[in-house]
Amino acid sequence: MIVIGAGSGNMVIGDSFAGLDVAVVEERRFGGTCLNFGCIPSKMLAYAAEVADTVQRAGRYDVDAELLGLRWTELRDRVFARIDADEAKGRAGREASDFVTVYPGHARFLGPTRLQIELGAESVSVEADQIVIAAGGRPVIPPPVAASGLPYETSDTIMRIETPPRRLAILGGGYIAAELAHVFAAAGSEVVIIEQADHLLGPQDESVAQAYTELARHRFELHLGRELTKLEGGPGALRLRLDDGTTLTACTLLVAVGRTPNSDKLDLDKAGISTHDDGRIVVDKYQRTEVDGVYALGDICSPYPLKHVANREAETVAHNLRHPEDLRATDHGAVPAAVFTDPQVASVGSTEQDIRDAGSDYVAASTQFADVAYGWAIEDTTGFCKLLADRATGRLLGAHLLGPQAATLIQPLVVAMTLDIDVKTLAERPLWIHPALTEVVKETLRQLAA
């Protein structure tokens, strides 16, 4: 077996594969995007930003405190000392295995079962009965940025910079932009965001996107409904020209307009493997491509580019490789996601605009954090929980939270959607701790159940 990509792909290789000759091909770092360039380091940095923000707001709790600063170099080094050690441990573990060969290079298909692996100036050809494609994705770079020849950062690079920029321009208004804007604002950067849409966090429910955008206006300089047409200037003194004639200046540009699958780098056509229009590899519910013995998982094929989804797909692939007579499907029915910005955002299921456009009969309810006792304790005035349910059955269709601990508060709603628990049962059967912040979820459920 060959596994291309040592992120979630590395999770496929369990003890049950010890009887096989297994190869892992990884051209970058073990642990993939999540460990090295994404989820984990960004959340470690975001928590430090949350602590800094809490100190700044201490006065609202009648606490006298002064923020002396966020020690970026020490913070960065602490975060990546742990990340780099974990990456090295993962690589060393595979290299020490008596049934796994690690190829630190780039793989391309030569045929349905054969790969060429580029190892610097050399290359080797390998063949396997089973191949797992888990090569992930990469940041999209818009033409005006690529054509400029000027330096820019992406989520792959910016978290390791030496010092926070005095003025940071962020191109894009999605979850990566929101999280890193939070981090660098806390680190002392002046942040300006350029986004094509008229609000931030566009894929979120309309209520969340609108509320977050209004909060962001008070913290960042926003240019919404605008496109970058030209990047000029020089390193450390960039000029960004927008389509309305505005010219912005910045020390550093962070490009966060989206990600694209790495499928275009694998010569998939030589293997007969198809892709969707957006580059994602076509797989069935068992994570199989149309080529016998070839599976795919994670960002290179999934409609949900999330680490917890990739991990679940890796479990599916591992099972199906070892038990082809008892195939297991990946359940993508209730996929939660969170944005670790300020305030946090979490969601699962459909947005209200999607339900409305589909013409479904639904009911909606919302509760402010300020309406429950723990909301009083944390003096929150902007957070809310919004739930959407089928009018006839009471089944949850979507859940959306904005506010402190949103990424944790969403979980009972994920469980309810996964196990098909109606809103009345979830509101009335369990005991909800008083006065925990989970009461904002309970009270919203009770509105729907009434």
Side-chain angles (χ1 to χ4, degrees), residues 27-29 32-34 36-39 41-42 45-46 49 72-73 75-76 79-80 83 136-197 200-202 216 219-262 264-265 278-279 299 305 339 341:
E27 63 178 317
R28 298 179 78 191
R29 296 171 64 85
T33 296
C34 176
N36 296 286
F37 315 107
C39 326
S42 65
L45 295 173
W72 174 261
T73 302
L75 169 61
R76 181 204 60 189
V79 168
F80 286 103
I83 297 300
R138 64 186 186 276
V140 172
I141 308 303
V145 177
S148 72
L150 291 169
Y152 61 87
E153 305 286 344
T154 69
S155 54
D156 283 4
T157 61
I158 195 166
M159 288 183 279
R160 291 182 184 257
I161 62 175
E162 288 299 319
T163 57
R166 181 187 59 79
R167 182 170 166 86
L168 172 66
I170 302 178
L171 189 61
Y175 74 96
I176 293 174
E179 291 185 349
L180 292 175
H182 174 215
V183 167
F184 283 98
S189 297
E190 180 183 341
V191 175
V192 54
I193 299 176
I194 305 102
E195 164 59 31
Q196 290 184 353
L200 304 175
L201 298 182
R219 193 172 190 186
F220 314 126
E221 178 184 336
L222 303 185
H223 294 266
L224 304 181
R226 300 272 65 92
E227 293 186 40
L228 176 70
T229 58
K230 195 169 186 179
L231 180 63
E232 301 174 316
L238 303 173
R239 294 194 305 274
L240 293 82
R241 297 193 184 277
L242 308 186
D243 58 352
D244 64 348
T246 300
T247 298
L248 304 173
T249 60
C251 305
T252 302
L253 172 63
L254 167 62
V255 178
V257 297
R259 296 178 64 84
T260 189
N262 284 326
D264 59 334
K265 297 184 173 185
D278 61 3
D299 293 3
V339 186
T341 185

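Computed from a predicted structure; not experimentally measured.
Shortest non-hydrogen contact noted between L242 and L228 is CD2-CA, 4.1 Å. In plain terms, the two heavy atoms of A185 and V191 that are nearest each other are N-CG2, 4.1 Å. Considering every non-hydrogen atom in both T341 and A178, the closest pair reads OG1-O, 2.9 Å. Shortest non-hydrogen contact noted between A177 and A256 is N-CB, 4.1 Å. Of all heavy-atom pairs spanning N36 and R160, the tightest one is O-NH2, 4.5 Å. Shown here for I194 and A169, the closest heavy-atom pair between the two residues is CD1-CB, 4.3 Å.
The distance from atom CG of D299 to atom CZ of R138, rounded to the nearest 0.5 Å, is 12.0 Å. Of the inter-residue distances, the one linking I193 atom CD1 with L180 atom CG reads 10.0 Å to the nearest 0.5 angstrom. The structure places OG1 of T246 at 6.5 Å from NE2 of H223, a figure rounded to the nearest 0.5 Å. If you take OG1 on T247 and CG on L238, they are separated by 12.5 Å, rounding to the nearest 0.5 Å. Atom NE2 of residue H182 and atom OG of residue S42 lie 11.5 Å apart, to the nearest 0.5 angstrom.
Within a 6.0 Å sphere centred on CZ of R219, other residues, nucleotides and ligands contribute more than 12 heavy atoms.
Using a 4.5 Å cut-off on side-chain heavy atoms (C-beta onward), D243 and R226 make contact. Looking at heavy atoms from C-beta onward, R259 lies in side-chain contact with T33 at the 4.5 angstrom threshold. L171 has its side chain out of reach of L240: every pair of non-hydrogen atoms, C-beta onward, lies at least 4.5 Å apart. Using a 4.5 Å heavy-atom cutoff, the side chains of T252 and I161 are not in contact. F80 has its side chain within reach of P41: a pair of non-hydrogen atoms, C-beta onward, lies under 4.5 Å apart. Inter-residue side-chain proximity for R239 and K230 is flagged as unmet; no heavy-atom pair is nearer than 4.5 Å. Within the 4.5 Å cutoff, no side-chain heavy atoms of I170 are placed close to those of E195.
Scored by the ring-ring contact (aromatic ring centres under 6.0 Å, His included) test, F184 finds W72 as partners (sequence neighbours excluded).
Between R167 and E221 a salt bridge is recorded (basic side-chain N to carboxylate O distance below 4.0 Å). The pair R29-D156 fails the salt-bridge criterion, with no side-chain N (NZ, NE, NH1 or NH2) lying under 4.0 Å from an Asp/Glu carboxylate O.
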Inset, instruction - Could you go through the side-chain contact (heavy atoms from CB on, under 4.5 Å) check for L224 and L200 one step at a time? - result: CA-CA 8 Å; L224 304 181; L200 304 175; 3.7 Å; yes
Atom pairs and distances, side-chain donor-acceptor, residues 140-151, under 3.5 Å, sequence neighbours left out:
{"from": "S148", "atom 1": "OG", "to": "V145", "atom 2": "O", "distance (Å)": "2.8"}
{"from": "S148", "atom 1": "OG", "to": "L150", "atom 2": "N", "distance (Å)": "3.1"}

